[in-house]
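First the structure, in the form of structure tokens, and then the observations on it.
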Amino acid sequence: MSRRARGMLPVALGMLLGALAMLVGLAQAGRLAPGQPDKVVALGQLLDAEHRRVDLLVERDDVAGAIAALDALREQQWLDRESGGDVAVQLRHDVYGRLLRLRIDNPKVAPVPAAALLDIADEGLGEEYRDVDTNPFTARLAALRGEILEQLDRDDDALTAYEEALEMNRVLLERELEENPP
Amino acid sequence: MPAHDDNTPRETAVNDPKWEVALRAGQQAEGHAGSVEDELAIVNLLRHARAPQMPSEAALDSVWSDLDAELDEQRAATGWRSWLRRPWLLGGSAALAAAAAAVLVVVVSGPDPGPGPRGGGAMAQGDGAQVSDPGVMAATIEAQFAMLEPGARAAVERSVEGERNSLRGQLVASAIAADGRTMGGAP
């Protein structure tokens with residue numbers, strides 16, 4: 001091995017280690033694996049059954065029943081991102097998004113003030129929603145929060161929420177185009 | 001007579017400045033014909049050999065300066081610093097820095113919100129919705145969700161199914177480890 005090649009070896013090793021550390025960090029930043037997979041499975045099974053029940057209730061025009069079923073889910077113990085990973089947070093955002101959609105579209109059914117709806121939206125989003133891998137459920141819930149803010153005449157905040165949701169959807173579109181080029 | 005007695009007159013003769021005087025006088029007597037420089041050089045060499053003379057401080061400094069310059073030049077030509085003097089490295093570094101700055105600007109500023117379709121259907125309306133009223137934005141996002149929902153729901157189901165399969169595998173492995181008889185069948 002030449003003297004120059006020996007001199008460049010530490011630099012090359014450093015670059016290799018740095019690249020590996022970066023890849024691992026990006027992987028962890030993108031999708032957090034659940035720390036308690038058994039609870040994620042239990043949560044997934046529970047919500048699958050509940051979504052089917054809500055589907056049936058909506059088909060029967062029992063909006064109040066559907067809202068009550070989804071509202072009841074709020075009381076259950078949700079997994080945080082550390083325990084349930086990104087998938088648990090997405091499942092929560094899905095339930096809260098569905099609940100808020102039904103409430104906003106049916107304001108006369110079991111009416112709730114807009115301020116209370118905003119609390120529900122914030123409760124559903126949690127503090128960690130920006131860290132979760134971009135997904136449609138989080139984007140929708142962020143947009144629904146914008147709709148509630150609009151009802152509260154907080155138009156600037158509503159626009160911020162909409163733009164946040166649109167940005168998430170833009171990321172999803174770009175991801176879709178990368179995976180399935182036109 | 002001792003040996004040093006034989007050398008003494010020659011030492012004196014060699015170092016005696018009258019040698020030069022005599023040579024110059026002889027040259028002058030011959031009408032400055034010929035040259036005595038070679039002879040004088042030999043005389044000076046013999047003088048220096050007998051009694052070395054140190055050069056002046058200025059002359060020494062000059063010699064050391066020349067040596068340092070030469071050593072620096074050789075080191076720079078063969079060491080790692082020579083890489084820093086490569087023109088392509090300087091140009092490449094500047095280009096790399098400019099590219100990194102451009103990437104940062106693009107990432108921070110985000111996609112161009114100007115007109116023109118990016119994708120199909122409701123997804124493409126997102127950019128235009130930024131300048132529309134909030135109601136249109138909400139409707140656009142809801143339409144986008146309707147498009148993305150099936151795929152996202154399937155992805156979540158796959159994720160949960162993957163965790164379930166992983167747990168099932170762990171349970172089977174635990175059962176096998178707890179009861180070794182299942183490994184080899186009936187005894």
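Each chain gets a letter, A, B and so on, in the order its sequence line appears, and its residues count up from 1.
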Glu149(B) side, atom CD; Arg140(A) side, atom CZ - distance, nearest 0.5 Å: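 It comes to 6.0 Å.
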Pairwise distance CD(Glu142(B)) to CG(Asp105(A)) - rounded to 0.5 angstrom: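 Reported to 0.5 Å precision, the distance equals 7.5 Å.
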Region of Asp38(A) in contact with chain B, defined by heavy-atom distances below 4.5 Å: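 Contact with chain B: backbone and side chain both.
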Heavy-atom contact with chain B under 4.5 Å, split by part of Leu47(A):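 Neither part, no heavy atoms under 4.5 Å.
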Within-4.5 Å side-chain heavy-atom neighbours: Asp94(A) and Arg153(B):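 Contact flag for Asp94(A)/Arg153(B) side chains = yes.
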Leu173(A) side chain near Gln144(B) side chain, heavy-atom distance below 4.5 Å: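 A side-chain contact is absent here, since even the closest heavy-atom pair is not under 4.5 Å.
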Residue pairs involving residues 60-74 of chain A (criterion side chain to side chain donor-acceptor pair (under 3.5 Å); sequence neighbours excluded):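 For residues 60-74 of chain A: Asp71(A)-Arg74(A), Asp71(A)-Arg103(A), Arg74(A)-Glu123(A).
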Is there a continuous path of hydrophobic side-chain contacts, each under 4.5 Å between heavy atoms, that joins [X] to [Y]?
| X | Y | answer |
| --- | --- | --- |
| Ile104(A) | Val95(A) | yes |
| Leu100(A) | Leu152(A) | yes |
| Tyr129(A) | Val171(A) | no |
| Leu73(A) | Ile67(A) | yes |
| Val63(A) | Leu57(A) | no |

What heavy-atom pair brings [X] and [Y] nearest, and what distance separates the two atoms?
| X | Y | answer |
| --- | --- | --- |
| Phe145(B) | Pro136(A) | CD1-O, 3.5 Å |
| Ile141(B) | Ala139(A) | CG2-O, 4.4 Å |
| Phe137(A) | Val156(B) | CE1-CG2, 3.8 Å |
| Val160(B) | Gly44(A) | CG1-CA, 4.1 Å |

Contact origin within Gln170(B) toward chain A - heavy atom pairs under 4.5 Å: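 Neither part; nothing is under 4.5 Å.
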Residue selection (most heavy-atom pairs with chain B, distance under 4.5 Å) from Arg101(A), Met168(A), His51(A):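 Heavy-atom pairs under 4.5 Å are most numerous for Arg101(A).
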Salt bridge (Lys or Arg N to Asp or Glu O under 4.0 Å) partners of Asp156(A), counting only residues at least two apart: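 Salt bridge (Lys or Arg N to Asp or Glu O under 4.0 Å) check on Asp156(A) returns nothing, list empty.
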Residue pair Met137(B), Leu159(A): steps toward the side-chain contact (heavy atoms from CB on, under 4.5 Å) verdict: CA-CA 9 Å; Met137(B) 293 175 81; Leu159(A) 279 172; 3.6 Å; yes
